[in-house]
Undergrad: 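Just dropping this structure here.
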Amino acid sequence: MDNHNTRRNFLKTAGLALGCLGLAMPERVFGSGGKVLDADGDTITLLTPGGQLVKVEKSKLKPAEMPSLTENQKRGREGLPNRSWVMVIDLSKCRNARKCMAACQAHHQLRPEQHHMNTLQMQDAEHTAPYYMPKNCMHCDNPPCTKVCPVNATFKRSDGIVLIDNERCIGCRFCIAACPYSARVFNWFEPRDAEKYKDVTYNIEANVPQKKGTISKCLFSADLLRVGKLPSCVSACPNGVYWFGDQNEDAVTNGTTKETTSFSKLIRDNAGYTLMKELGTKPRVYYLPPKNRAFPFEGEIQKHE
Amino acid sequence: MTNNLTPEESRQKLDKIFSDLTRSLKIKDELARFWIFILAMFTIVGLWGWMHQMRIGLGITGMRDYVSWGMYIGNFVFFVAVSLIGLLISSILHLLKFDWGQPISRVAETVAIAAIALAGLVIVMDMGRPDRFLNIFLHGRFASPIVWDVTVITTYVTISALLFFIPLIPDVAMLRDRLGDDVPILQKKLYAILSLGWKGNARQFEIVTHTVRILLVLIIPVGLSIHTVTSWLFASTLRAGWDSTIFGPYFVTGAFVAGSAAVILVMYVYRLRYDLDEYFTNKSFDMMGKLLVLMCLVYFYFNINEFLVPGYKMRLAEGVHLRELFTGRWSTLFWVVQIFGVIIPILLPLLRYFRRPLPLTLIAFLTLVASWFKRFIIVVPTLEHPYLPIQNVPENFVHYSPTAPEIMITLLPFFASAIIITMLAKLFPVITIWEYAEKQGIDKKYLLEEPEK
Ligand code: SF4
Ligand code: SF4
């Protein structure tokens with residue numbers, strides 16, 4: 001169908017955008033980003049990180065500077081046009097590899113005890129089988145967290161992502177109290193890499209550099225989505241747990257196999273569900289049940305009492 | 001009241017009232033100085049703790065990502081609660097014409113002002129970024145209960161301050177005219193300024209009475225809002241233990257309990273320290289004792305509703321929470337708080353003996369302490385039990401235990417409010433003289449006469 005087409009286009013544009021970024025600021029934005037191979041006349045050939053060669057008209061190239069703080073804050077509030085991001089987490093595949101957690105902490109400069117993505121060991125009732133459940137922010141469509149924020153520092157964008165502006169947050173932690181999924185973390189101390197990144201302009205779409213005394217949480221790697229990449233956790237998973245994509249296109253891509261499929265079909269065929277739907281928060285993160293597990297559950301189930 | 005005192009009697013009586021009630025201002029009070037000095041020292045220690053917290057981060061407290069509100073928020077709720085007594089005593093009792101409340105109303109206003117001013121400070125101390133406090137006004141988002149809270153608390157502070165100040169004007173004028181060299185010259189200047197050129201004519205009294213009456217009516221909805229909205233900080237979330245529809249009235253009655261206890265305590269100290277047995281009479285204590293019982297009964301009723309109904313159903317998350325309270329990790333504190341904060345102040349003051357000043361004060365003290373821990377137990381245990389398991393974090397994320405600097409910072413507002421209350425008592429009479437004199441049948445025209453030396 002033409003879904004697939006759009007999808008391919010999407011990926012292509014993605015690579016392209018990345019290449020341009022790489023050209024303009026090779027070390028600051030993406031250390032291993034695109035490379036200029038050859039420039040002749042009006043076009044220029046670029047190598048994308050995916051290993052693809054692309055030709056671009058020079059006139060189409062724009063310098064990819066980091067926007068200023070205010071501009072970044074402004075465009076960060078708007079969301080990517082006509083997108084509606086969803087994530088599908090296949091519990092039957094998760095073997096607790098925790099590569100997603102590590103990639104996330106690296107991307108968002110988190111301390112070891114701070115998790116945007118947290119793989120939990122779950123057991124629903126006394127005699128049911130335990131399983132692993134990666135859990136991040138659900139990017140609720142009816143988010144209790146944004147409602148309570150007194151300064152509009154955490155907000156819902158048009159593309160479904162719930163973001164935080166760490167330059168505005170006053171650190172009241174009301175949103176932590178309001179979030180039923182324990183998705184939010186706080187910078188109780190000076191953030192991990194505060195010293196290292198103290199001169200870097202704050203990026204609202206990645207919450208980096210992290211700011212002391214403010215909130216952080218999963219952002220669906222909004223900064224990567226802007227340049228057409230999949231979120232860090234999704235690409236980091238070695239086991240094919242994560243699917244990520246655009247509900248408007250009804251297409252999700254698997255972070256491991258890079259296979260793209262229909263979101264609705266995936267949910268329909270596998271009895272996908274959302275967490276604690278009875279709370280009415282309308283999550284954008286879907287789960288596929290932990291049946292026919294590819295990996296057995298190892299280890300003790302932790303009780304938290 | 002009989003109005004047939006002779007001018008001579010009136011003057012004598014007024015002189016006595018005046019000199020009794022200004023004793024706290026005139027007395028060379030080494031003890032009070034020492035007291036303030038000690039309080040100031042502790043306050044400074046607390047401030048130092050706060051500086052430390054601003055430098056290092058909120059991480060110096062025992063709070064972490066799961067229990068992200070702790071003692072500070074409990075403290076905030078406590079101070080807002082105590083401040084509500086201003087509403088109950090000076091407004092509701094006054095409008096219902098309970099005469100015995102009159103001598104207590106300035107005590108109640110003093111307690112209210114001290115408490116609400118400090119509540120404002122406490123909430124700033126809980127912020128991760130106090131430097132961005134103004135964002136609430138710059139970027140205020142009206143859907144947030146915090147913004148409602150800031151709005152109503154500011155209004156309440158204003159009205160309470162006016163309610164303290166306006167009835168004070170005639171008194172200050174008396175101080176201006178009658179106090180000799182007993183007080184420092186600067187203090188006399190202060191009275192001269194604050195009396196706003198008061199002359200004591202009928203028109204002025206009319207304005208005062210009228211304004212006060214309007215304020216007394218206004219403060220009722222505002223006062224109820226401050227504590228109702230404060231309770232919504234919890235009730236507006238989806239958490240087990242907070243997700244309750246009766247939190248508003250539950251908090252308001254709890255506040256009346258805490259406030260009555262605080263007023264009894266302050267009253268007792270004034271009575272003892274400034275020989276005011278004739279003013280804060282045994283009857284005042286007796287009535288306050290009855291008020292405490294009444295408030296506790298209502299509070300008891302809300303407690304039953306709050307715990308029995310969910311306790312009957314024991315729904316999953318609520319069941320975990322309640323089990324922790326009733327028999328689990330929090331049970332000792334929970335039961336001690338229920339007994340000292342609700343049961344004892346109902347049972348004991350039913351007996352006349354326990355409504356006498358000293359026993360009642362002791363009960364009030366216990367009740368007040370229990371009220372503080374009650375707030376603590378409303379805030380913390382709920383947060384220890386989110387819907388999803390707490391995993392992959394260090395042990396101190398799982399259970400909350402306050403740290404030493406956190407306790408210091410929590411105590412700061414107690415010392416600071418004691419300083420405010422003491423200073424107010426040293427500056428202004430603790431009972432509204434002109435109202436009191438009027439109740440004794442002394443005509444207003446004698447108020448501003450020069451006393452015979
Ligand atoms: S999961 Fe929590 S933080 Fe994320 S949108 Fe929902 S309520 Fe907000
Ligand atoms: S902690 Fe920050 S983001 Fe959360 S409610 Fe408060 S101001 Fe908003």
Side-chain angles (χ1 to χ4, degrees), chain A residues 98 101 112-115 118-123 125 133 135 144-155 165-191 211-215 275-276 278-281 301-305, chain B residues 54 56-61 63-66 68-69 73 123 126-150 233-234 236-239 242 317 320 323-324 328-329 379 382-394 396-398:
Chain A
R98 303 201 168 184
M101 290 171 69
E113 69 275 14
Q114 293 178 307
H115 308 292
N118 196 356
T119 306
L120 303 174
Q121 309 182 12
M122 298 291 289
Q123 187 173 24
M133 184 180 86
K135 185 235 30 172
C145 55
T146 63
K147 271 192 240 174
V148 299
C149 180
V151 294
N152 210 0
T154 182
F155 53 89
D165 183 349
N166 293 87
E167 290 291 355
R168 184 184 285 187
C169 171
I170 60 171
C172 65
R173 313 187 297 296
F174 200 176
C175 52
I176 296 192
C179 170
Y181 301 96
S182 308
R184 293 175 166 254
V185 299
F186 189 72
N187 283 302
W188 299 98
F189 295 100
E190 207 59 78
K211 304 280 169 194
K212 182 174 93 176
T214 63
I215 290 286
L275 275 192
M276 293 187 259
E278 65 276 13
L279 298 178
T281 50
I301 186 86
Q302 288 176 21
K303 291 265 184 300
H304 77 290
E305 275 166 303
Chain B
M54 286 202 259
I56 309 285
L58 272 176
I60 65 155
T61 68
M63 296 185 281
R64 286 300 180 266
D65 291 342
Y66 296 88
S68 55
W69 281 348
I73 293 287
I123 201 68
D126 184 66
M127 284 167 53
R129 298 300 296 245
D131 50 315
R132 295 185 185 162
F133 179 75
L134 287 183
N135 277 6
I136 297 180
F137 303 98
L138 295 176
H139 303 290
R141 206 173 143 273
F142 211 72
S144 168
I146 291 191
V147 173
W148 310 342
D149 222 13
V150 171
L233 297 185
F234 307 99
S236 63
T237 69
L238 295 163
R239 302 235 174 201
W242 290 353
V320 173
R323 217 167 280 128
E324 285 289 285
R329 177 169 135 86
V379 176
T382 284
L383 289 170
E384 283 194 350
H385 296 281
Y387 288 112
L388 293 173
I390 302 178
Q391 288 175 6
N392 310 323
V393 287
N396 64 335
F397 278 52
V398 182

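Atoms considered below: every heavy atom in the structure, side chains included; atoms not considered: hydrogens, waters and symmetry mates. Below, read A as the first sequence line, B as the second, and so on, with proteins coming before strands; counting in each chain starts at 1. All of these numbers come straight from a predicted model, not from anything done at the bench.
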Undergrad: I'd like to verify something: which residue of A:G280, A:C172, A:P112 has the highest number of heavy-atom pairs under 4.5 Å with chain B?
TA: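 Of the options given, most contacts go to A:C172.
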
Undergrad: Could you check A:V148 against B:T237 for side-chain contact (heavy atoms from CB on, under 4.5 Å), going step by step and ending with a plain yes or no?
TA: CA-CA 9 Å; A:V148 299; B:T237 69; 5.6 Å; no

Undergrad: Donor-acceptor pair, distance only, cut-off 3.5 Å: does the side chain of B:R132 make one with the backbone of A:G171?
TA: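 No; zero donor-acceptor contacts below 3.5 Å.
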
Undergrad: Side chains of A:N118 and B:L388, heavy atoms from C-beta outward: is any pair under 4.5 Å?
TA: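 No, side chains not in contact.
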
Undergrad: Given a strict heavy-atom distance threshold of 4.5 Å, which part of A:E278 is in contact with chain B: side chain, backbone, both, or neither?
TA: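 Answer is neither: A:E278 stays 4.5 Å or more from chain B.
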
Undergrad: How close do A:F174 and B:S236 get, counting heavy atoms only, and between which atoms?
TA: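 Minimum heavy-atom separation between A:F174 and B:S236: CZ-OG, 3.7 Å.
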
Undergrad: Can you give me the closest heavy-atom contact between B:Y66 and A:S182, atom names plus distance?
TA: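 Minimum heavy-atom contact is CE2-CB, 3.7 Å.
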
Undergrad: Flag the one option from B:L238, B:N135, B:I73 with the top tally of heavy-atom pairs under 4.5 Å to chain A.
TA: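 Of B:L238, B:N135, B:I73, B:N135 has the most heavy-atom pairs under 4.5 Å with chain A.
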
Undergrad: Closer than 3.5 angstrom, by distance alone: can the side chain of B:R141 be matched with the main-chain N or O of A:K147 as a donor-acceptor pair?
TA: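 Present.
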
Undergrad: Given a strict heavy-atom distance threshold of 4.5 Å, which part of A:P180 is in contact with chain B: side chain, backbone, both, or neither?
TA: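 Both parts, backbone and side chain.
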
Undergrad: Does B:R129 reach the main-chain N or O of A:N166 with its side chain, forming a donor-acceptor pair under 3.5 Å?
TA: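 It does not hold such a pair.
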
Undergrad: For a 4.5 angstrom cut-off between non-hydrogen side-chain atoms, does B:D126 reach A:R173?
TA: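 Of all side-chain heavy-atom pairs linking A:R173 with B:D126, at least one is under 4.5 Å.
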
Undergrad: Please report the shortest heavy-atom distance between A:F186 and B:G128, naming the atom on each side.
TA: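 Of all heavy-atom pairs spanning A:F186 and B:G128, the closest is CZ-CA, 3.9 Å.
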
Undergrad: For B:I60 versus A:F189, what's the shortest heavy-atom pair and its separation?
TA: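 Closest heavy-atom pair between B:I60 and A:F189: N-CE2, 4.2 Å.
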
Undergrad: Counting heavy-atom pairs closer than 4.5 Å to chain B, which one of A:T214, A:L279, A:V151 comes out on top?
TA: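 Max contact count across the listed options: A:V151.
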
Undergrad: Decide yes or no for A:I170 and B:F133: does some side-chain heavy atom of the first lie under 4.5 Å from some side-chain heavy atom of the second?
TA: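 Side-chain contact under 4.5 Å: no.
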
Undergrad: Taking side chain as everything from C-beta outward and backbone as N, CA, C, O, which of these in B:M63 sits under 4.5 Å from a heavy atom of chain A? Side chain, backbone, both or neither.
TA: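 Its backbone and side chain both get close to chain A.
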
Undergrad: Measuring heavy-atom distances to chain B, does A:C145 have an atom under 4.5 Å in its side chain, in its backbone, in both, or in neither?
TA: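 No part of A:C145 comes within 4.5 Å of chain B.
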
Undergrad: B:Y387 and A:L275: side-chain contact (heavy atoms from CB on, under 4.5 Å), yes or no, with the steps?
TA: CA-CA 10 Å; B:Y387 288 112; A:L275 275 192; over 6 Å; no

Undergrad: Under 4.5 Å from any heavy atom of chain A, what part of B:I123 do you find: side chain, backbone, both or neither?
TA: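 Interface part for B:I123: neither.
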
Undergrad: Going by the side-chain hydrogen bond (donor to acceptor under 3.5 Å, both in side chains) test, name the single residue among A:Q121, A:R98, A:H115, A:E113 that passes it with B:N392.
TA: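 Checked A:Q121, A:R98, A:H115, A:E113 against B:N392; only one passes side-chain hydrogen bond (donor to acceptor under 3.5 Å, both in side chains): A:R98.
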
Undergrad: In terms of heavy-atom pairs under 4.5 Å, which option from A:I215, A:T281, A:T146, A:N187 contacts chain B the most?
TA: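 Heavy-atom pairs under 4.5 Å are most numerous for A:T146.
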
Undergrad: Among the options B:L383, B:V147, B:L233, pick out the one with the most heavy-atom pairs lying under 4.5 Å from chain A.
TA: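 Ranked by heavy-atom pairs under 4.5 Å with chain A, first place is B:L233.
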
Undergrad: At a heavy-atom separation under 4.5 Å, does B:W242 approach chain A through its side chain, its backbone, both, or neither?
TA: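 The side chain, not the backbone.
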
Undergrad: Can you tell which of A:C169, A:A177, A:A153 has the highest number of heavy-atom pairs within less than 4.5 Å of chain B?
TA: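 Result: the option with the highest number of such pairs is A:A177.
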
Undergrad: B:F137 versus chain A, heavy atoms under 4.5 Å apart: side chain, backbone, both or neither?
TA: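 Nothing of B:F137, per the 4.5 Å heavy-atom cut-off to chain A.
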
Undergrad: Please find the pair of heavy atoms, one from A:L120 and one from B:P389, that lie closest to each other, and give the distance.
TA: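 Nearest pair, atom of A:L120 first, then B:P389: CD2-O, 3.9 Å.
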
Undergrad: Looking at A:M276, A:Q114, A:E190, which makes the most heavy-atom pairs under 4.5 Å with chain B?
TA: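 Most heavy-atom pairs within the cutoff with chain B belong to A:M276.
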
Undergrad: Within the 4.5 Å heavy-atom criterion, are A:W188 and B:D65 side-chain neighbours or not?
TA: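 Touching, per the 4.5 Å side-chain cut-off.
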
Undergrad: Can you say whether B:R329 sits under 4.5 Å from chain A via the side chain, the backbone, both, or neither, judging by heavy atoms?
TA: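 Neither part.
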
